[in-house]
Amino acid sequence: MKSLSPIEMRHVEKHKFSLVLLFYLFGVVRSQVSPGVCRYPLGMSGGQIQDEDISASSQWSESTAARYGRLDFEEGDGAWCPEIIVEPDSLKEFLQIDLRSLHFITLVGTQGRHAGGIGNEFAQMYKIKYSRDGSRWISWRNRQGRQVIEGNRNAYDIVLKDLEPPIIARFVRFMPMTDHSMNVCMRVELYGCEWLDGLVSYNAPAGQHMTFEGLQVHLNDSVYDGAMGYSMTEGLGQLTDGMAGLDDFTLSHVYSVWPGYDYVGWSNESLPDDYVEIMFEFDRIRNFTTMKVHCNNMFTRSVKMFRQVVCYFRSESDWEPTPVTFSPVMDDVNPSARFVIVSLHNHMASAIKCQYYFADTWMMFSEITFQSDTAMYNTTLAPPDTDPPTSTQPDDDPTHKVDDSNTRILIGCLVAIIFILVAIIVIILWRQVWQKMLEKSETFPYNNNSSSNHSSSSSEQESNSTYERIFPLGADYQEPSRLLRKLPEFSQVMEEADGTSTAPKSPPVSMQEGVPHYAEADIVNLQGVTGSNTYAAPAVTMDLLSGKDVAVEEFPRKLLTFKEKLGEGQFGEVHLCEVEGMQEFMNEDFSFDTNPNMPVLVAVKMLRADANKNARNDFLKEIKIMSRLKDPNIVHLLGVCVCCDPLCMITEYMENGDLNQFLSRHEPEGQVAPLSTAPTIRYNNLHYMVTQIASGMKYLSSLNFVHRDLATRNCLVGKNYTIKIADFGMSRNLYSGDYYRIQGRAVLPIRWMSWESILLGKFTTASDVWAFGVTLWETLTLCKEQPYSQLSDEQVIENTGEFFRDQKRQIYLPQPAICPDPIYKLMLSCWQRNAKERPSFQNIYHTLLECQV
Ligand code: AMP
């Protein structure tokens with residue numbers, strides 16, 4: 001072999017570094033699919049799916065052809081509509097999408113035909129069929145076996161449905177259904193990500209049944225989509241659904257299903273050999289690096305991970321004679337379920353057959369994933385200026401050619417990405433500086449003329465930056481994605497990727513625990529999922545402007561007289577204004593406690609004159625939400641000015657501002673320093689205030705409304721310690737019950753967020769209860785410090801990981817000095833790991849009433 005000169009060696013080192021970097025990047029990208037993160041719109045609304053890949057069983061006319069079935073598009077006659085009326089129970093019609101390659105699909109979105117108000121056709125229900133090869137079609141069923149998915153209730157709203165279990169397919173069909181004969185039109189989107197594993201099926205012995213201390217544990221593969229008999233053939237199922245099982249196999253963390261649901265398991269007593277053989281078929285020949293097997297290890301119940309695995313490879317028609325054999329270190333100490341990582345040593349194959357040997361009576365797997373990459377084949381390093389070592393290989397070895405060219409392309413791409421990122425950072429910085437300059441010249445904008453002058457001088461680009469910039473609302477909001485990388489699990493995965501780990505080769509903790517990957521990408525994806533920037537807002541705006549659906553009226557802005565600036569939020573300034581004739585304008589159900597002949601004080605929240613379309617639509621959405629909320633402990637929307645700019649919402653004025661600032665100014669009674677002039681507040685008053693917050697939240701939760709940003713900063717204080725919950729800035733992003741979006745950035749109030757909101761992106765009433773616990777703590781510490789002030793943002797995220805693991809290492813907020821024991825107990829119950837074990841707002845409210853002193 002040719003020896004290399006020092007210069008060549010340096011080239012090699014440079015190359016090596018690039019490869020390590022690439023390997024690291026790929027390691028991150030190519031970890032097993034996480035359903036919580038894999039929620040990208042696949043291109044119906046974004047246009048990445050080509051017209052020719054959208055087909056249908058029939059069409060009503062050329063202008064309602066399949067290609068018009070794109071979610072959130074108004075082209076043609078506004079949707080895909082089949083030729084004939086859809087009859088109940090008929091499943092003849094379908095809209096089909098060809099994704100061109102296998103995808104992991106976690107979510108679907110549907111919409112009817114609105115066509116600017118002319119259309120009113122939609123599918124009340126639908127079914128989904130999918131195929132990986134275009135010939136075998138499989139009907140999707142949920143985990144309870146139901147096929148029918150609830151669809152739309154009107155022609156314009158997007159309805160999103162999680163696919164539980166997710167689908168792995170190239171072709172998907174939406175089949176509209178109705179309960180009576182009706183015209184049906186559909187617009188659709190699929191959400192997910194590319195199925196990088198490339199696995200098209202696995203064949204395995206059918207999962208078995210265990211009787212354990214009288215408990216029936218079903219270890220079958222209940223979502224397997226192939227043929228089922230004594231063995232399972234030609235399908236995918238629970239081993240590829242992205243859900244890693246819990247340590248205790250009798251429990252299932254997400255679904256109310258039977259014991260053993262998460263696992264497929266076998267007993268060595270009922271199998272002829274001492275192993276379970278699973279055969280995996282792939283879409284093409286791949287270069288396999290690793291296999292990850294998520295195994296249960298409850299050795300106290302005779303369940304252990306495999307003691308050895310022997311894998312055979314087939315690339316053409318024959319199996320390779322030499323298998324890969326791997327024996328993990330057995331663990332009789334830690335009963336946690338874990339990912340066991342098996343190196344496959346860059347074997348090229350389109351099928352793999354693995355024999356997993358029993359270490360105990362039972363063996364249970366919940367996930368098996370494969371990491372492969374043709375481009376990364378061959379670790380031999382070729383300096384660019386020297387003869388590549390591959391040149392000594394026979395010319396007909398295709399793999400070496402692939403390696404060299406692909407490595408160069410990848411390095412080129414990486415450099416290009418770095419350049420683009422640097423350019424984006426420079427542009428963002430430049431825009432922020434520019435925006436600061438603009439703000440300085442901002443004028444008071446009730447007068448339309450002045451504001452329109454102002455906005456006409458601001459470009460759309462500038463407005464964008466304003467909206468982006470105003471989202472970080474101070475130190476309370478962080479980007480969890482950046483911080484999540486600090487979780488020890490992530491570092492360990494990284495260490496392993498770049499080979500710096502000196503630790504013995506045991507499975508990394510994250511693999512064992514299956515910590516869900518939640519990242520900025522998740523939020524940004526969800527942004528798309530919730531209807532993206534272009535979606536829905538026009539409909540909402542229309543509703544709003546036409547007065548339909550919204551119980552609040554346009555208020556003549558000339559009657560508002562500016563008094564002072566109260567504060568500044570994400571949309572712009574909040575002003576105190578005096579207004580005449582407000583009482584006559586209002587419905588009878590709201591009265592001001594002032595002399596009817598006197599001008600009334602109101603708070604006017606205005607949208608910045610230079611706000612972009614998205615900010616504008618979100619502002620209108622917040623109005624829409626607030627207009628529907630009527631409760632003594634929710635801030636009341638009195639009127640709006642939306643007929644012209646700047647958009648304003650007029651709310652009741654709360655003279656003591658927000659609760660955070662209010663409490664920070666006070667000291668607890670009896671604990672004041674001798675010379676302090678700070679006003680004092682009694683525990684009773686604090687208790688009264690939190691009871692009102694609980695009452696307001698009880699009302700919101702009764703509407704299934706999730707606030708998502710409950711904190712003292714978002715509660716307003718009126719006379720006599722009255723409290724009203726305000727700021728629906730994050731909840732307005734709620735489109736369907738489960739999703740939310742945040743403008744472009746994952747900026748979230750991590751110190752108030754439940755572990756599942758941070759790690760899984762799940763916002764529910766139970767996560768509002770968590771935030772209530774933190775709000776209660778803030779109130780009883782009089783907002784003298786931030787929650788977990790001794791922890792950095794990174795440590796807060798690490799602590800979130802501890803809440804997830806629940807191994808008694810999580811740090812709770814301490815009992816405030818003035819907090820009675822029962823109230824601290826209540827606070828702690830809000831931070832239960834299991835969301836179901838947290839109290840409801842109804843319970844919280846009653847507990848607080850009972851504990852009144
Ligand atoms: P927001 O845009 O809702 O975050 O409001 C920004 C700030 O304006 C708040 O923190 C309050 O200090 C103040 N503010 C908002 N609404 C009112 C109101 N209705 N009454 C009194 N102050 C308010």
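For ligands, and for the atoms within them, numbers begin at 1 and follow the listed sequence. Throughout, numbering of the chain's residues begins at 1 and tracks the sequence.
- Residue-level proximity to ligand 1 for Asn714 is absent, since no heavy atom of it falls below 4.0 angstrom.
- The distance criterion of under 3.5 Å between nitrogen or oxygen atoms is met by Met654 with respect to ligand 1.
- Here the side chain of His636 pairs no donor or acceptor atom with the backbone of Lys630 at under 3.5 angstrom.
- Given atom 14 (N) of ligand 1, the protein heavy atom at minimum distance is Val574 CG1, 3.9 Å.
- A salt bridge between Glu568 and Lys565 is present, with a side-chain N of the basic residue lying under 4.0 Å from a carboxylate O of the acidic one.
- The distance from ligand 1 to the heavy atoms of Thr651 drops below 4.0 Å at these ligand atoms: 19 (N).
- Of the protein's non-hydrogen atoms, Asp658 OD2, 3.3 Å is the one closest to atom 12 (O) of ligand 1.
- Considering Trp755, Tyr812, Trp831 as possible partners of Phe803, the one that fulfils the ring pair (Phe, Tyr, Trp, His ring centres under 6.0 Å) test is Tyr812.
- A side-chain contact (heavy atoms from CB on, under 4.5 Å) with Val690 holds for exactly one of Thr775, Leu659, Thr779, Leu826; it is Thr779.
- Taking distance alone, with nitrogen or oxygen atoms compared against 3.5 Å, Lys605 approaches ligand 1 more closely than that limit.
- Atom CD of Gln795 has more than 12 neighbouring heavy atoms from other residues, nucleotides or ligands inside a 6.0 Å radius.
- Remark: ligand 1 atoms within the under-4.0 Å shell around heavy atoms of Tyr653 are 20 (N), 21 (C).
- Every atom of ligand 1 with a heavy atom of Leu566 under 4.0 Å away is listed here by number and element: 21 (C), 22 (N).
- Taking all heavy atoms of Cys715, Ala603, Gly572, Gly657 into account, the minimum distance to atom 18 (C) of ligand 1 is reached by Ala603.
- Residue-level proximity to ligand 1 for Glu568 is carried by the backbone, the only part with a heavy atom below 4.0 angstrom.
- At under 3.5 Å, a nitrogen or oxygen of Asp727, whether backbone or side chain, sits near a nitrogen or oxygen of ligand 1.
- When side chains are defined from C-beta on, Glu778 counts as touching Thr712, because their heavy atoms get closer than 4.5 Å.
- Proximity of the aromatic rings of Tyr845 and Tyr699 is defined here by a centroid distance below 6.0 angstrom, and this criterion is not met.
- Ranking the protein heavy atoms by distance from atom 17 (C) of ligand 1 puts Leu716 CD1, 3.7 Å first.
- Here CG of Asn720 is found 9.5 Å from CG of Asn685. Values are rounded to the nearest 0.5 Å.
- No N or O atom of Arg713 sits closer than 3.5 Å to an N or O atom of ligand 1.
- Between Phe555 and Glu553, the closest side-chain pair of non-hydrogen atoms is not below 4.5 Å.
- For Glu652, the heavy-atom gap to ligand 1 drops under 4.0 angstrom.
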